[in-house]
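Here the structure is laid out as C-alpha cells; the discussion comes afterwards.
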Amino acid sequence: VKQLDNGVHGAHWKLEKIETPGKTDQVVQVRKEPGAEVVYTVRMNGDSFTPLVREGGTYSVIVFDPDGGYRKEWKSLQARKI
C-alpha cells in the first residue's frame with residue numbers, strides 16, 4: 001500500500017514540487033484555500049514531495065518537523081491537471 005492510496009487515490013491534480021534541501025522525512029500538510037481546511041497530512045520520503053489533490057483550486061502546503069526546529073509554508077499554490 002502506498003502512503004497516498006488512502007485519501008488521494010485517483011487524484012488528477014498536482015501542486016508544485018516541494019523541496020527541503022538538508023531536511024529529510026518532514027511532515028507535509030496540504031490545506032485548501034481559502035479557509036485552511038486540511039486536505040491531508042503525510043510524512044514525505046526524502047527531501048522532496050509533489051502534493052497530489054483531488055480537485056483544482058488554490059492550496060497551501062506546510063512542511064514541518066513534528067519535534068520542532070523546522071517549518072516552512074508555501075501559500076497560494078494553484079493545482080494543475082496531471
Side-chain angles (χ1 to χ4, degrees):
V1 176
K2 294 180 183 174
Q3 191 174 17
L4 293 178
D5 283 350
N6 294 325
V8 219
H9 179 72
H12 296 289
W13 299 83
K14 69 179 179 178
L15 305 176
E16 72 179 64
K17 184 177 185 179
I18 302 301
E19 296 184 281
T20 59
K23 301 289 184 184
T24 59
D25 303 336
Q26 301 297 301
V27 174
V28 177
Q29 187 170 76
V30 177
R31 296 180 179 185
K32 180 85 167 143
E33 293 180 3
E37 174 190 347
V38 175
V39 178
Y40 63 88
T41 304
V42 296
R43 187 174 290 271
M44 62 196 290
N45 186 9
D47 64 358
S48 66
F49 180 75
T50 302
L52 300 176
V53 292
R54 298 185 64 81
E55 61 186 24
T58 305
Y59 295 82
S60 60
V61 176
I62 301 168
V63 177
F64 63 95
D65 178 351
D67 296 324
Y70 183 80
R71 178 183 168 88
K72 187 168 180 182
E73 185 170 354
W74 290 260
K75 293 183 178 185
S76 301
L77 301 177
Q78 295 297 314
R80 294 176 284 138
K81 199 79 155 138
I82 296 177

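The first residue in the sequence is number 1, and the count goes up from there.
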Short side-chain to backbone donor-acceptor contact, Gln29 and Thr41, under 3.5 Å: no
Should we say atom NZ of Lys81 is surrounded by more than 12 heavy atoms from elsewhere, each under 6.0 Å from it? yes
Can you name the closest pair of heavy atoms from Ser76 and Thr58 and give their distance? CA-CG2, 3.5 Å
Answer yes or no: are there more than 12 heavy-atom neighbours, outside Lys32 itself, under 6.0 Å from its atom NZ? yes
I'd like to check Ile82 versus Leu52 (side-chain heavy atoms, cut-off strictly below 4.5 Å). Are they in contact? yes
Considering residues at least two apart in sequence or located in another chain, which fulfil the salt bridge (charged side-chain N to carboxylate O under 4.0 Å, His left out) criterion with Glu33? none
Begin from the C-alpha positions of Met44 and Thr20 and carry the test side-chain contact (heavy atoms from CB on, under 4.5 Å) through to its verdict. CA-CA 10 Å; Met44 62 196 290; Thr20 59; 3.8 Å; yes
Quick one: pull up CD in Glu16 and CG in Leu77 and give me the separation to the nearest 0.5 Å. 5.0 Å
What closest approach, in Å, do Arg43 and Pro66 show between heavy atoms, and which atom pair accounts for it? NH2-CG, 3.5 Å
Remaining members of the apolar cluster that contains Phe64, side-chain heavy atoms under 4.5 Å: Val27, Ile62
How long is the straight-line distance from CZ of Arg54 back to NE2 of His12, given to the nearest 0.5 Å? 7.5 Å
Minimum heavy-atom distance between Asp47 and Gly22, given as atom pair plus value: OD2-N, 4.3 Å
Decide yes or no for Ile18 and Val28: does some side-chain heavy atom of the first lie under 4.5 Å from some side-chain heavy atom of the second? no
Ignoring hydrogens, what is the shortest heavy-atom contact between Lys75 and Ser60? Give both atom names and the distance. CA-CB, 4.1 Å
For Ala79 against Tyr59, the heavy-atom pair lying closest together: CB-CE1, 3.9 Å
Is there a path of hydrophobic side-chain contacts, each under 4.5 Å between heavy atoms of I, L, V, M, F, W or Y residues, that connects Val61 with Val38? no
Taking the side chain as every heavy atom from C-beta outward, state whether Trp74 and Leu15 have any pair of such atoms under 4.5 Å apart. no
